[in-house]
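Below is one structure, written out as structure tokens; the observations come after it.
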2 protein chains.
Amino acid sequence: MSNCDQCIVRQFSSLKALRKEELIKMANCKTSYTIKKGDPIFEEGDTVNGVYCVKEGVCKMTKLSDNGKDQIVKLAKPGELLGQRSLISEEAVNLSAIALEDMEVCFIPKSEIMGFFNENNQFSMNVMKNICDDLKIADDHMVNMAQKNVKQRLAETLLYLEENFGINEDNTLRLQLSREELAGIIGTATESCIRLLSEFKKLKLIELTGKKITLLDKIALKKIA
Amino acid sequence: MSNCDQCIVRQFSSLKALRKEELIKMANCKTSYTIKKGDPIFEEGDTVNGVYCVKEGVCKMTKLSDNGKDQIVKLAKPGELLGQRSLISEEAVNLSAIALEDMEVCFIPKSEIMGFFNENNQFSMNVMKNICDDLKIADDHMVNMAQKNVKQRLAETLLYLEENFGINEDNTLRLQLSREELAGIIGTATESCIRLLSEFKKLKLIELTGKKITLLDKIALKKIA
DNA sequence: CTTAAAGTATGACAAATATCATATTTTATT
DNA sequence: AATAAAATATGATATTTGTCATACTTTAAG
């Protein structure tokens, strides 16, 4: 069992508020998991009796819509806690979490989290702020879905991916998504997404090398979004 | 200054967790306002140093999108607290609150709320659950915006309006929205909204009497949504 | 290495939606 | 009550987006 005290990602999450003795307690009751690319951490409707702390890798949080398509609601990266909302609401999770890369996650049981909640005010405040941030982002996202067209949303998403997940040495977006997944973020048909990528390519806004995407003209992309 | 102890809407909000002495304290520092239909309680970007408790009337929470249209993110009714999120995030509000009917609201200053927060665990838990509910609703809403077409969203919204705000004695929807506002909820152009209402009317799903709307065939509307 | 399967790309077309124009109705104001 | 202004309604048309078909490319499995 590894030491939470040493874990780097803790600094980026609500858990940074925990005191030394709390960290030791947590290290004793947590469970570490390795999740392979494509595998779920949990799925919509599951009862998750705790939260997962993302230590390494990125996952998509998706919701199956009535028409059978998976909408990607959010991408989660190291430092984020998954399942906070359903833990507080005392409900099954309403989103699935699927690994986009090989991942390392730690499961912290509900009883432990609730203990911190009651005894460490800073920690509960951090969790609350996190959820508030998510709410604001969700509202903004909703407005974009309602008011922007697919081309604008694609441009915005490409910029978001570079901004939040960075680029490789060859300038391609670090986070590799399939066209279907990209379509699932912007909320459109896979073919429409592919078509617009081709259009952006023709306009020299981006470069496509197989699955890899490079942003060539961010100014122009920002104008579109 | 009226007595919070006696206020009915308290039962429907996070404030129901407050103890007698806390209610007396709150009654002493709150400010009551009457807001006329069409007037704002606060606007996007305002710094609101506290929360508003809706005592009477309904308001729309809107966000101005880049294309200049107001998207209605949420409708708030008696018992709801407005501005919770921005209070916790310590940010300006990201939504405007505009009265759809004449309203009565009470303003409770931040210092007071923070006091309850620190001393009354049930109260903070209630607020947190509230925000979690909002987050879930926002995520669902987002998926609908991304995956459902305008006709489906209109049908869904009409059912939502009856479900949540009820009907008058003549069976018309109690909450009267302009076509523009209805379009602002479902995220479409006003003309498209009007056109689809006309279509629903021809199909005998609804009845239109001026601004008033009656749902005639809820089964069929549910099928569409 | 070969083959099947999955993912990507593109054309053709249909459906959904936005935009602009204009008419009609309702509401507010004098 | 008369008039202006706003809201509602509808047609015509352009644009956007989805769907289906099919070809090509990459990846995975044997």
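Residue numbers start from 1 in every chain, and the chains themselves are labelled A, B, ... in the order their sequence lines are given, proteins ahead of strands.
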Next item on the list: Check the distance between dT17(C)'s P and Lys148(B)'s NZ and give it to me in whole angstrom.
Entry: 13 Å

Next item on the list: Starting from C1' on dT15(D), measure out to CG on Asn67(B) and report it in whole angstrom.
Entry: 15 Å

Margin query: Output the rounded distance in Å from CD1 (Ile194(A)) to C1' (dA12(C)).
Written below: 16 Å

Next item on the list: Specify the closest pair of heavy atoms between Phe42(B) and Leu95(B), including all atoms of both residues, with the distance to one decimal.
Entry: CE1-O, 3.3 Å

Margin query: With nearest nucleotide decided by heavy atoms, which residue, Glu180(B) or Cys193(A), maps closer to the 5′ end of DNA chain D?
Written below: Glu180(B)

Notebook entry, point to check: What is the distance, rounded to the nearest whole Å, between atom CG of Leu196(B) and atom P of dA9(D)?
Noted result: 12 Å

Check: What class does the angle between the rings of Phe165(B) and Tyr160(B) fall in, given that below 30° is parallel, 30 to 60° is tilted and above 60° is perpendicular?
Finding: perpendicular

Next item on the list: Report the nucleotide, chosen from dT8(C), dT19(C), dT19(D), that has the shortest atom-to-atom distance to any side-chain atom of Glu191(B).
Entry: dT19(C)

Note to self: Side chain of Asn149(A), heavy atoms from C-beta onward: which of dT17(D), dT17(C), dA9(D) has the nearest atom to it?
What the structure shows: dT17(D)

Item checked: Minimum-distance nucleotide to Arg195(A) side chain [options: dT10(D), dC20(D), dA18(C)] -> dC20(D)

Note to self: For Asp217(B), give me all partners under salt bridge (Lys or Arg N to Asp or Glu O under 4.0 Å), at least two apart in sequence or on another chain.
What the structure shows: none

Notebook entry, point to check: Given atom CG of Leu197(A) and atom P of dT8(C), what is their separation to the nearest angstrom?
Noted result: 10 Å

Next item on the list: Return no unless some side-chain N or O of Thr188(B) is found under 4.0 Å from OP1 or OP2 of dA18(C).
Entry: yes

Checklist line | Whole-Å gap separating P (dG18(D)) and NZ (Lys151(B)) | finding: 16 Å

Check: What residue pairs, at least two apart or across chains, pass salt bridge (charged side-chain N to carboxylate O under 4.0 Å, His left out) with a residue in residues 135-161 of chain B?
Finding: Lys63(A)-Asp140(B), Asp66(A)-Lys148(B), Glu91(A)-Lys136(B), Lys148(B)-Glu156(B), Lys151(B)-Glu199(B)

Check: Is there a side-chain contact between Ile167(A) and Arg174(A), using heavy atoms and a 4.5 Å cut-off?
Finding: no

Look for any protein N or O under 3.5 Å of an N or O in nucleotides 24-28 of chain D and output each such pair with its distance, or none.
none

Item checked: Closest nucleotide among dC20(C), dT8(D), dT19(D) to the Ser192(A) side chain -> dT19(D)

Item checked: Protein-nucleotide distance (Leu208(B), atom CG; dT24(C), atom C1'), rounded to Å -> 15 Å

Item checked: Nearest heavy-atom neighbours spanning Gln84(A) and Ser14(A) -> OE1-OG, 4.2 Å

Next item on the list: Kindly point out which of dT8(D), dT17(D), dT10(C) is positioned nearest to the side chain of Val150(A)?
Entry: dT17(D)

Note to self: Could you tell me how far apart Lys37(B) (NZ) and dA6(D) (C1') are, to the nearest whole angstrom?
What the structure shows: 13 Å

Next item on the list: Kindly say if Ser198(B) contacts the phosphate of dT10(D), meaning a side-chain N or O under 4.0 Å from OP1 or OP2.
Entry: yes

Check: Can you find a pair of side-chain heavy atoms, one from Leu159(B) and one from Leu215(B), that are under 4.5 Å apart?
Finding: yes

Notebook entry, point to check: Does a side-chain N or O from Lys69(A) land closer than 4.0 Å to OP1 or OP2 of dT19(D), or not?
Noted result: yes

